[in-house]
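Please read the structure below before turning to the comments.
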Amino acid sequence: MERLLRPSSIAVVGGGAWCDAVIAQNRKIGFDGPVWHVHPSKDGAYASVSDLPGVPDAVFIGVNRDATIEVVATLAAMGAGGAVCFASGFEEVADGAERHAALLRAAGDMPILGPNCYGLINGVDAVTLWPDQHGVVPVASGVAIIAQSSNIAINLTMQQRGLPIAYVVTPGNQAQQGIARIAMQLLRDDRVTALGLYIESFGDVAAFEELARVSAELDKPIVALKVGQSEAAQRATVTHTASLAGGAVGARLLLERMGIAAVTSLPVMLETLKIFHCFGRLPGTAIASLSCSGGEAGVMADTAARHDLTFPDLTEAQAAAMAPHLGPLVTLSNPLDYHTGIWRNQPAMAAVFAAMTGEDLDLTLIVLDFPDRAKCDDADWMITIAAIEQAAKGGARFGVLASLGENMPADVADRLLAAGIVPLCDFDHACAAIRAAAGPGPADAAAVLAAPHLPRTETLSEGNAKKLLSEAGLDVPRNVAGIPRAVLPAQAMAVGFPVALKAEGSAHKSEDGGVVLGLGDVMQVLEAAREMQAETFLIEEMIPGGIAELLVGVVADPAHGFVLTLGAGGVMAELMQDTQSLLIPATQDQILHALARLRIADLLRGHRGKPGAFIPAIMQAILRLQAYVIDNAADLAEVEVNPLICTEDRAVVADALIVRGRR
C-alpha cells in the first residue's frame with residue numbers, strides 16, 4: 001500500500017468531470033510529482049496506460065466497470081503501485097459477482113481501493129486521488145479517517161472544528177483492501193495520531209482484532225461510528241434473547257472488546273478525534289469546568305452528569321490559590337462560575353485556570369463562546385485565550401469548550417491545537433467525546449467466536465433442548481416429554497407431584513396459555529390439559545425455593561459473533577428490560593461483573609435479610625451453556641434458558657429453547 005498511499009507519480013485514466021477534478025485537486029493541494037492523464041482522444045493526454053512515460057505509483061481509474069478490469073490488469077502487469085477503482089456495478093449489484101472476481105484476478109498482488117469508492121486524500125504528503133472538492137489542507141500531522149460512505153467522507157473533510165486531517169480513505173466495496181487492513185497501514189505512519197472509522201459492516205472480524213493489537217502497540221487510539229443493523233437483528237427472532245439483544249448490541253460489544261471508542265454521531269466522532277490528537281486516551285472522566293456564567297456552569301454540570309463525567313471537589317490548595325484572585329463574592333466550587341471580576345485580567349485568569357488542575361483531574365475545560373466577528377470585537381476573548389495558553393504551560397490537559405459549535409472560530413481552534421489545548425464544540429458533543437476518549441484500551445481477550453449465517457433454521461422442542469443441555473452438564477428438572485393426552489396421569493405420577501404441565505409445539509408457551517404450574521394431583525393435570533390446544537405434553541417436577549429467575553441466552557450475530565445476554569428472566573424478561581450482554585467467549589470475571597450490574601443483583605445477593613441465590617451454581621450454568629455454544633457453533637442460531645430458577649443451592653433450567661440450522 002505504500003506507493004498507493006504516498007505516491008511520487010500519479011496517472012488518471014478516463015475523461016469527464018470526475019477525472020478532471022482529480023487532476024485539479026492535486027494541483028490545488030500542491031502535489032509536486034507528475035500527474036499523467038490517460039484518454040484516447042483528449043489533447044495532451046496519453047492514449048493508453050501502456051503509453052505512459054513511466055510506471056505510476058498510484059492510478060485513479062475513472063472508466064466503466066468492464067474497462068476498469070482491463071486497465072487494472074494492464075497496470076498490474078506493468079508493476080504499478082496501486083489503483084483507485086471509481087466505477088460501481090460490481091458486487092453491490094445483482095449481476096456484479098462475476099466482474100468482482102475478475103477484478104480481483106486482474107489486480108493480483110497490486111493493491112486496489114474499491115471498487116465503487118472516491119479513493120484517498122493524503123494531507124501530510126499533499127496527494128489526492130479524489131474526484132471531487134474536499135476540505136483537507138496540508139498538515140504536518142493529524143488523524144486518519146476511513147469511511148465506507150464516500151459522501152460521509154466528503155462531509156467530514158469540510159468540518160470547521162479545527163481537526164487536522166492527515167488521511168481520508170474510502171474503501172468502497174472492500175474487494176481487496178478492507179477497512180482494518182488499510183487502517184493498520186495508516187496507523188504505522190508516524191504522522192498519524194489517531195484513527196476515526198465510519199463503519200457500515202465489519203467484514204473480517206479477525207482483521208479488526210489485529211487492528212486493535214496494532215493500535216495498542218503504537219498507542220494510537222481509534223474511535224468508530226457503526227451504523228446499520230446486523231443480519232441477526234433483521235431476521236425474525238424466536239427467543240426473548242434475540243429481541244432483547246438486537247444487532248446493534250453485537251456491534252457495540254465488538255468495539256468495546258477491541259478497545260475502540262464507540263460513538264453514535266459524526267460530531268462526537270470529530271470531537272473525540274480532537275481529544276485523541278491532543279492527548280491520546282484520557283486516563284478517566286474526572287473533569288473541571290470554569291465559566292464566567294452560572295448558567296453555563298449549570299448546563300455543563302447537567303450535561304456532564306448525563307455522560308457519567310465527574311466533578312471532583314476542590315482541594316484546599318486549589319481553593320487557596322484561587323481565592324485571592326476571585327474575592328469573597330465567588331463561590332469556590334467545581335464547576336466554577338468565576339464571574340466577570342477577572343475578565344480581561346490575563347495574569348489573574350491564568351492563575352485561576354492553572355489552579356483548577358491536579359492529579360485527580362483528567363481534563364480542565366474553560367467554557368468560552370466567541371462573538372460574531374462581523375458584528376463584534378473579540379479582543380477580550382483573545383486575552384482569555386492567552387491566559388489559557390499560559391496556564392497550559394504547566395503540562396495539564398486543557399480544553400476550550402464553545403457551547404455552540406459556530407462560536408469556535410477556525411483560526412482560534414488551530415491556535416489552541418498548536419498549543420496542545422483541545423478546542424471542543426457543543427456541550428453534549430464534547431461531554432460524549434470525553435466519555436468515549438476515556439474508555440479502556442484494547443483488552444487482552446480471546447478471539448471472538450465466529451457466528452454462522454443460517455438461512456434456514458429449526459426450533460427444537462423443549463424436551464429435546466433440555467436433553468441436550470442436560471448432556472452439556474446443566475441442571476435440568478426431572479421431566480418426560482412427548483406425552484400423549486391418554487397417558488398423562490401415569491406420567492405425572494411417575495415424575496412426582498407437584499408438577500408443571502406444558503403444551504408442546506409453541507416457542508412462547510407462557511404467552512400462549514401453554515404452561516400451568518404447581519399441579520398437585522391427577523385431576524388437576526387432566527383439567528389443565530383440557531384447556532390446552534396440544535397433541536403432546538411435557539411434564540416436569542416443580543422447583544421449590546426459587547429466589548430469583550434469570551434469563552441466560554445466546555444469539556448468533558453473523559456480523560459480530562455470538563452475543564451472550566444475562567437478565568431478569570421469566571415473565572419479567574421483556575417487561576423489565578434488565579439485561580447485560582457479552583461476546584463469547586466471556587471470562588468468569590466478565591460474567592460476574594455483568595451479573596452485578598443487573599438491577600436484580602440485590603435479589604441474587606439476598607435482599608432485606610432474605611437468603612441469596614447460590615452464585616457458584618449460577619456461574620456453572622452460564623459457563624456450561626457457553627461451552628455448549630462453543631462446541632456447537634457451526635449450526636447454532638439461538639439458545640435460551642428462561643427462566644433459570646436460582647435457589648439457595650441450585651440453578652435449574654426451568655425452560656429452554658434451541659434454534660439451529662435446519663438439517
Side-chain angles (χ1 to χ4, degrees), residues 84-94 96-97 100 103-104 112-121 130 132 134 143-159 165 167-186 195-212 215 222-235 245-258 260-270 272-273 436 448 450-451 453 556-561 563 583:
V84 170
C85 299
F86 179 59
S88 59
F90 288 86
E91 202 170 38
E92 80 278 9
V93 298
H100 173 92
L103 180 66
L104 288 177
I112 56 172
L113 291 179
N116 190 24
C117 77
Y118 264 38
L120 68 95
I121 306 168
W130 194 263
D132 204 344
H134 60 83
V143 304
I145 295 174
I146 302 175
Q148 279 187 266
S149 164
S150 295
N151 214 53
I152 291 289
I154 294 174
N155 297 342
L156 291 173
T157 72
M158 301 297 183
Q159 58 84 31
I165 298 176
Y167 289 93
V168 175
V169 181
T170 58
N173 290 10
Q174 304 182 73
Q176 183 202 69
Q177 302 293 327
I179 292 174
R181 190 170 176 181
I182 298 166
M184 283 185 270
Q185 186 77 12
L186 297 178
L195 176 67
L197 302 175
Y198 171 85
I199 305 171
E200 293 172 358
S201 62
F202 283 99
D204 186 352
V205 171
F208 272 88
E209 291 174 324
E210 177 62 22
L211 170 62
S215 168
I222 305 172
V223 58
L225 171 59
K226 171 66 174 68
V227 297
Q229 296 295 313
S230 75
E231 198 167 350
Q234 292 169 356
R235 61 183 169 81
V249 173
R252 174 180 58 79
L253 292 173
L254 184 58
L255 290 171
E256 286 178 0
R257 191 179 183 110
M258 295 186 294
I260 295 174
V263 296
T264 57
S265 73
L266 293 171
V268 175
M269 186 172 86
L270 292 173
T272 306
L273 282 171
V448 172
H453 168 63
D557 181 343
H560 312 116
V563 179
L583 284 180

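Note that the numbering runs from 1 along the sequence shown for the chain.
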Closest approach of [X] to [Y] (non-hydrogen atoms, all atoms of both residues):
X	Y	result
Ala87	Pro115	O-CB, 3.4 Å
Trp130	Ala153	CH2-CB, 3.9 Å
Ala262	Leu255	CB-CD1, 3.7 Å
Gly250	Asp557	CA-OD2, 3.8 Å
Cys117	Pro171	CB-C, 4.1 Å
Leu104	Ala175	CD2-O, 3.4 Å

Can you tell me how far apart [atom1] ([X]) and [atom2] ([Y]) are? Round to the nearest 0.5 Å.
X	Y	atom1	atom2	value
His100	Asn173	NE2	CG	7.5 Å
Ile112	Leu103	CD1	CG	4.0 Å
Leu113	Ile182	CG	CD1	5.0 Å
Leu186	Tyr167	CG	OH	6.5 Å
Tyr198	Ile179	OH	CD1	10.5 Å
Leu197	Leu225	CG	CG	10.0 Å

(Q) I need the single residue from Leu254, Ile222, Val223 that forms a side-chain contact (heavy atoms from CB on, under 4.5 Å) with Ile260. Which is it? (A) Ile222
(Q) Given Ile145, which partner from the list Val169, Leu195, Leu273 fulfils the side-chain contact (heavy atoms from CB on, under 4.5 Å) test? (A)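 The side-chain contact (heavy atoms from CB on, under 4.5 Å) with Ile145 is passed solely by Leu273 among Val169, Leu195, Leu273.
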Going by heavy atoms in the side chains, are [X] and [Y] under 4.5 Å from each other?
X	Y	answer
Val448	Glu209	yes
Gln174	Gln148	yes
Ile165	Gln159	yes
Ile121	Thr157	yes
Tyr118	Val168	no
Leu156	Leu270	yes
Phe208	Ile199	yes

Q: Carefully, step by step, assess Asn155 and Leu266 under the rule side chain to side chain contact (heavy atoms under 4.5 Å, CB included).
A: CA-CA 10 Å; Asn155 297 342; Leu266 293 171; 5.7 Å; no
Q: Please check if the side chain of Glu92 supplies one atom and the backbone of Phe90 the other of a donor-acceptor pair under 3.5 Å.
A: yes
Q: Determine yes or no for a side-chain-to-main-chain donor-acceptor pair under 3.5 angstrom, with Ser215 supplying the side chain and Leu211 the backbone.
A: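 Side chain of Ser215 to backbone of Leu211: no pair is present.
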Q: Taking salt bridge (charged side-chain N to carboxylate O under 4.0 Å, His left out) as the test, write out the residues that go with Glu256, two or more places apart.
A: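 Only Arg252 meet the salt bridge (charged side-chain N to carboxylate O under 4.0 Å, His left out) criterion with Glu256.
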